[in-house]
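Quick note: numbers below take in every heavy atom, side chains included, and nothing from hydrogens, waters or symmetry partners. Counting from 1, the numbers follow the sequence of the chain as shown.
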Amino acid sequence: MVRVLLAEDNKDVADLIAEMLEMEGHQVEVVSNGLLAVDLLKSGAEFDVVITDLIMPVLDGIGVLRYVLAQEQRIPVIVLSGGGVTIGSQDALRVVEGMANAVLQKPIVHNDLIQAVTSVAA
């Protein structure tokens with residue numbers, strides 16, 4: 001079982017990803033923005049993997065990724081990127097590809113998600 005922190009502002013997407021992971025026996029904590037994810041990590045909650053959407057209100061996925069890296073936490077981070085993104089977010093995606101453990105494009109494919117979680121949590 002992998003403990004996953006999922007930061008995703010789209011409830012339907014979050015529910016789908018959580019369901020996919022829970023079907024594989026993983027435990028998922030869902031939050032709706034990056035600030036809530038960082039607050040959970042600051043509180044001492046323990047996770048094996050963080051999955052974060054790239055574009056979110058309050059604090060985006062880059063902010064979550066920067067927090068994890070700055071705290072030297074050994075938590076792997078998977079970044080989710082939506083389809084049809086703008087040029088600005090494409091630039092952001094190039095940045096996170098060098099910092100994140102994996103990047104998945106939406107729509108999320110079940111096998112790709114499970115493979116990414118399994119490989120970074122190992």
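Hydrophobic cluster membership is shared by L40 and V68, with clusters built from Ile, Leu, Val, Met, Phe, Trp and Tyr side chains linked at under 4.5 angstrom. Follow the hydrophobic side-chain contacts under 4.5 Å out from I75 and you reach L65 in the same cluster. Under the 4.5 Å side-chain heavy-atom criterion for Ile, Leu, Val, Met, Phe, Trp and Tyr, L104 and V79 are members of distinct hydrophobic clusters. Residues V30 and I78 share a single hydrophobic cluster, defined by chaining ILVMFWY side chains whose heavy atoms lie under 4.5 Å apart.
Summarising the geometry, atom CG belonging to L69 is positioned 6.0 Å from atom CE belonging to M99; distances are rounded to the nearest 0.5 Å. Separating the CG atom in D9 from the OG1 atom in T52 is a distance of 9.0 Å, to the nearest 0.5 Å. Residue N10 holds its CG atom at 10.0 Å from CG of L16, rounded to the nearest 0.5 Å. The distance from atom CG of L5 to atom CG of L36, rounded to the nearest 0.5 Å, is 9.5 Å. Between the CD atom in E8 and the CG atom in N33 there is a gap of 11.0 Å [rounded to 0.5 Å]. Note that NE2 of H110 and CE of M20 are 7.0 Å apart. Values are rounded to the nearest 0.5 Å.
Sorted by first and then second residue, the salt bridge (Lys or Arg N to Asp or Glu O under 4.0 Å) pairs involving residues 17-26 (not counting sequence neighbours) form an empty list.
Looking at V31 and D39, their side chains never come closer than 4.5 Å, going by heavy atoms from C-beta outward.
Listed by chain and number, the residues in a side-chain contact (heavy atoms from CB on, under 4.5 Å) with L21 are V4, I17, H26, V28, I51, L113, I114, V117 (sequence neighbours excluded).
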Less than 3.5 Å apart, which donor and acceptor atoms pair up between the side chains of residues 53-62 and the rest of the protein, not counting sequence neighbours?
unit_1: D53; atom_1: OD1; unit_2: K106; atom_2: NZ; d: 3.2
unit_1: D53; atom_1: OD2; unit_2: K106; atom_2: NZ; d: 3.4
unit_1: D60; atom_1: OD1; unit_2: I62; atom_2: N; d: 3.2
unit_1: D60; atom_1: OD1; unit_2: G63; atom_2: N; d: 2.9

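Counting only distance, with no hydrogens or angles, the side chain of D48 and the backbone of R3 share a donor-acceptor pair below 3.5 Å.
For the side-chain contact (heavy atoms from CB on, under 4.5 Å) test with V77, the passing option among V120, V49, V50 is V50; the others fail.
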